[in-house]
Enquirer: 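Have a look at this one.
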Number of protein chains: 2
Amino acid sequence: MAKRKPTIHEVAHLAQVGIGTVSRVLNNHPSVRPETRERVLAAMARLGYSPNPHARRVAGGRSYTVSLVLPVVSTEFYNRLLEGIEAVLTEERYELALFPILSPIRLQRYLESRSLAYQTDGILVSSQGLASLLPDQRFPTERPVVLVDAYSPRYDSAYMDNRLGGRLAAEHLAQFPGSLFAIQLREELDEVLKNTVGQERIEGFREGLRKARRAFPGKHVFLSRFSLEGGRLALQYFMRLAKPPYNIFAGADLLALGVLEEAERQGLEVGREVRVLGFDGHPWTAEKGLSTLAQPIEEMGAEAARLLMSRIRGFKGPPRARRFEPTLVVRPSTQGP
Amino acid sequence: MAKRKPTIHEVAHLAQVGIGTVSRVLNNHPSVRPETRERVLAAMARLGYSPNPHARRVAGGRSYTVSLVLPVVSTEFYNRLLEGIEAVLTEERYELALFPILSPIRLQRYLESRSLAYQTDGILVSSQGLASLLPDQRFPTERPVVLVDAYSPRYDSAYMDNRLGGRLAAEHLAQFPGSLFAIQLREELDEVLKNTVGQERIEGFREGLRKARRAFPGKHVFLSRFSLEGGRLALQYFMRLAKPPYNIFAGADLLALGVLEEAERQGLEVGREVRVLGFDGHPWTAEKGLSTLAQPIEEMGAEAARLLMSRIRGFKGPPRARRFEPTLVVRPSTQGP
DNA sequence: GGCCACTTTGGAAGCGCTTTCGTCAAAAAT
DNA sequence: ATTTTTGACGAAAGCGCTTCCAAAGTGGCC
């Protein structure tokens, strides 16, 4: 009963043009007169037309689809990353297929799957952990690969300078009296999928403190999973080590939030006795008054998508690297109430 | 340079048959003589042929793809669920597209997307949280929907009887001396995406204890996120409430593991002073000696896939419900070392 | 005014399959 | 032995698009 979806022919008929012209409008081909394009677009709107992607694919010999391989970890992070990627792809009339890698086995299976051969014109691989699992030689199929939130000299990469973030954290916190502490993020996933961001951030922090000539003993680092509880346990641990004030660099916003909660429970005044700085720049940090290192995640995603599209279009140059910088956002949690 | 992939024509030529016959072999059509089928299969193997899915789709007018909408939570759970689903789909020569819903917004967007209209012949929606977000009237497109790990009278459902699991836990733990405790799982995600499994399990537990005439005050329930730390904090909390032995029903294996770790730190003997029962039946519970309520997750996934395939094939009956039961697996954590 | 070089357009060919239709031979029924 | 039914299969007709090619239109320039 459901009436068939309109095809390119109906649109062509209604707009009084040939099917070739309709197709050209669909693909943003330059040689269509503006007024013709208008007519065609109007006809498409009238009919509620949208192209059948499968037909496009078989005719065009391409999939018009890009896939994203991602570990399943921080949802908020990926939410934002996807925003950026999709913004670009939509413009390009491309679709996105997600491949959440829940285990190394799945990555293997994905790489070998027929999906790759047909479904995808290019592949985005996110996270250093997954990137390091990529085969050394060359990718199984000839599809271009771009790394996002990861770096390798062998592939185009769009990555975050976590080390710089650590240094900025150090510069900021070093100005306050009291001892310095850090919570290092340890990824929860499988060994093989583990990320290196936690380590990088701490290394940068250490580097910055050295430059500022501030003491930072090894035991002042608390290793924690990505969880609220981790932040609470960290503050408890720090309190056994030293007296206030505490200046804490948390490897992630969620950890910093845990610190805030625990500080309240312990009756410590945030911004004076406990200063804490997060990492990520999630929207909710604003309302919580949490200082943080904001990451331009969407921009990073968008740039990765652009790099991939240029490869799909045939770009052949050597691997390109795009570095993104976190920026310090100061809020009450590190400047008093 | 990459030589073109072989097509159905080459296979037909090599096997000395018509292209129609090759297609029939591909689709398990009954009217092909076994020896002919052999010849065709041999030819496909020789050429390394695999059909172009896009061409199938445009010619067949179907997508040969099913999509799974899932919240991103417990990785291990979904890992196993996917095993079951894919086992069935592979047999059916179907593919699976994943739609991890990272936020309610994304669900909305997905339901409205063109993807649904073309990419998918049917939809699996997992988790009660997502299921309850489905539109009340009817699904946007006419595609069949099957719920997995969720129940609704309006859709075919394959679901786990979590309440039964709770009752089994109660029966088992009630036989031991000492007080009874429970850790209730609270999902971490957005309010809207939250699951009800934690609540169901505890309700069943409560029910079972009532039947066994065992006391179970409200404060004996510790509410926790899905994390190792949650289990540790829970045991600390219970220790403030009562003396050993503790008989603990943890709403998830990971929480139970946290209890085990904390018990060791506190010097409590597992199996005598602390008895703990998990939920899920993950592979690693065996090596940890953890008693658990094993869920037939793969079977549930497979059954959901079957329900969906039958709908895709045109089955029109009223919604069907398939209930799956967790089974008690007793290990040292609840029977002494 | 006439010629050339673009620009714009219509339509046919083809992408690799599924499916329908008709044929032919073998099996079953008369 | 003849007719009818059935089963196996080849060939052709699409599926809805992209793209190529040739034709028509447009303007600039001498």
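Naming convention: chains lettered A, B, ... in sequence-line order (proteins, then strands); numbering from 1 in each chain.
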Enquirer: Between B/Ala59 and A/Gly20, which has a closest nucleotide on DNA chain D that is more 5'?
Expert: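 With B/Ala59 and A/Gly20 compared, the 5'-side residue is B/Ala59.
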Enquirer: Using a cut-off of less than 4.0 Å, is there contact between a side-chain N or O of A/Arg33 and OP1 or OP2 of C/dT8?
Expert: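 So the side-chain polar atoms of A/Arg33 never come under 4.0 Å of the phosphate oxygens OP1 or OP2 of C/dT8.
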Enquirer: Within the pair A/Ser31 and C/dT9, is there a side-chain N or O less than 4.0 Å away from OP1 or OP2?
Expert: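 Negative; the distance criterion is not met.
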Enquirer: Would a 4.5 Å heavy-atom cut-off, applied to side chains only, mark B/Lys5 and B/Ser50 as touching?
Expert: yes
Enquirer: Below 4.0 angstrom from OP1 or OP2 of D/dT18, is there any side-chain N or O of A/Ser23?
Expert: yes
Enquirer: Any N or O donor-acceptor pair linking the side chain of A/Arg57 to the base of C/dG16 at under 3.5 Å?
Expert: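 For A/Arg57, whose side chain was compared with the base of C/dG16, there is no donor-acceptor pair (under 3.5 Å).
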Enquirer: Over how many whole Å does the gap from B/Asn52 atom CG to D/dC17 atom C1' extend?
Expert: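 Going from B/Asn52 (CG) to D/dC17 (C1'), I get 14 Å.
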Enquirer: Scan B/Gln16 against the nucleic acid and name what it touches under 4.0 Å (heavy atoms): base, sugar-phosphate only, or nothing.
Expert: sugar-phosphate
Enquirer: As a quick check of understanding, evaluate side chain to side chain contact (heavy atoms under 4.5 Å, CB included) for A/Tyr159 and A/Arg322, giving each step before the final call.
Expert: CA-CA 6 Å; A/Tyr159 67 99; A/Arg322 299 278 187 275; 5.9 Å; no
Enquirer: Could you tell me whether A/Val17 contacts a base, only the sugar-phosphate backbone, or nothing, with contacts defined as non-hydrogen atoms closer than 4.0 Å?
Expert: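 Result for A/Val17 = sugar-phosphate.
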Enquirer: Atom CZ of A/Arg37 and atom C1' of C/dT7: how far apart are they, to the nearest Å?
Expert: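 Atom-to-atom, A/Arg37 to C/dT7, this comes out as 14 Å.
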Enquirer: Please check this pair: side chain of B/Asn27 against backbone of B/His29, looking for a donor-acceptor N/O pair closer than 3.5 Å.
Expert: no
Enquirer: How many whole angstroms separate atom NE2 of A/His13 from atom C1' of C/dG11?
Expert: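 Rounded to the whole Å, the gap is 16 Å.
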Enquirer: Check whether any side-chain N or O of A/Thr21 sits under 4.0 Å from OP1 or OP2 of C/dG10, and answer yes or no.
Expert: yes
Enquirer: Judged by each residue's nearest nucleotide on DNA chain D, which is more toward the 5′ side, B/Ile19 or B/Gly60?
Expert: B/Ile19
Enquirer: Rounded off to whole Å, could you give me the CD1-to-P distance for the B/Ile8 and D/dA13 pair?
Expert: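 Rounding to the nearest Å, CD1 of B/Ile8 and P of D/dA13 are 17 Å apart.
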Enquirer: Side chain to side chain contact (heavy atoms under 4.5 Å, CB included), that's the test. Do B/Val146 and B/Ile123 meet it? Break it down for me.
Expert: CA-CA 6 Å; B/Val146 168; B/Ile123 303 157; over 6 Å; no
Enquirer: Considering every strand and a 4.0 Å limit on heavy-atom distances, what is the contact class for A/Val22: base, sugar-phosphate, or nothing?
Expert: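 No contact at all - A/Val22 keeps every heavy atom at 4.0 Å or more from the nucleic acid.
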Enquirer: Taking five pairs at each end of the helix from C/dG1-D/dC30 to C/dT30-D/dA1, what angle separates the two helix axes (nearest 10°)?
Expert: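 Taking the rotation axis at each end, their angle is 40°.
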Enquirer: Donor-acceptor check, side chain of A/Arg39 to backbone of A/Ala15, threshold 3.5 angstrom: yes or no?
Expert: yes
Enquirer: Please report, rounded to the nearest Å, how far the C1' atom of C/dG14 is from the NE2 atom of B/His54.
Expert: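 Distance, rounded to whole Å: 17 Å.
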Enquirer: Which whole-number value in Å describes the distance from B/Asn27 CG to D/dC9 P?
Expert: 15 Å
Enquirer: Nearest whole Å is fine: how far is C/dT7 P from A/Arg24 CZ?
Expert: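 Rounded to the whole Å, the gap is 14 Å.
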Enquirer: Hey, does the side chain of A/Ser157 reach the backbone of A/Tyr155 with a donor-acceptor pair shorter than 3.5 angstrom?
Expert: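 Confirmed, A/Ser157 side chain pairs with A/Tyr155 backbone.
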Enquirer: Of all the choices, C/dC17, D/dC17, D/dG16, which nucleotide is nearest to the side chain of A/Val58 once you look at every atom?
Expert: D/dG16
Enquirer: Taking the six-membered ring of B/Phe315, is the NZ or CZ of B/Arg320 close enough (under 6.0 Å from the centre) and on axis enough (within 45°)?
Expert: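 Geometry flag: set, cation within 6.0 Å and 45°.
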Enquirer: Starting from P on C/dC15, measure out to NZ on B/Lys5 and report it in whole angstrom.
Expert: 16 Å
Enquirer: To the nearest 0.5 Å, what is the distance between CG (B/Asp149) and CE (B/Met160)?
Expert: 6.5 Å
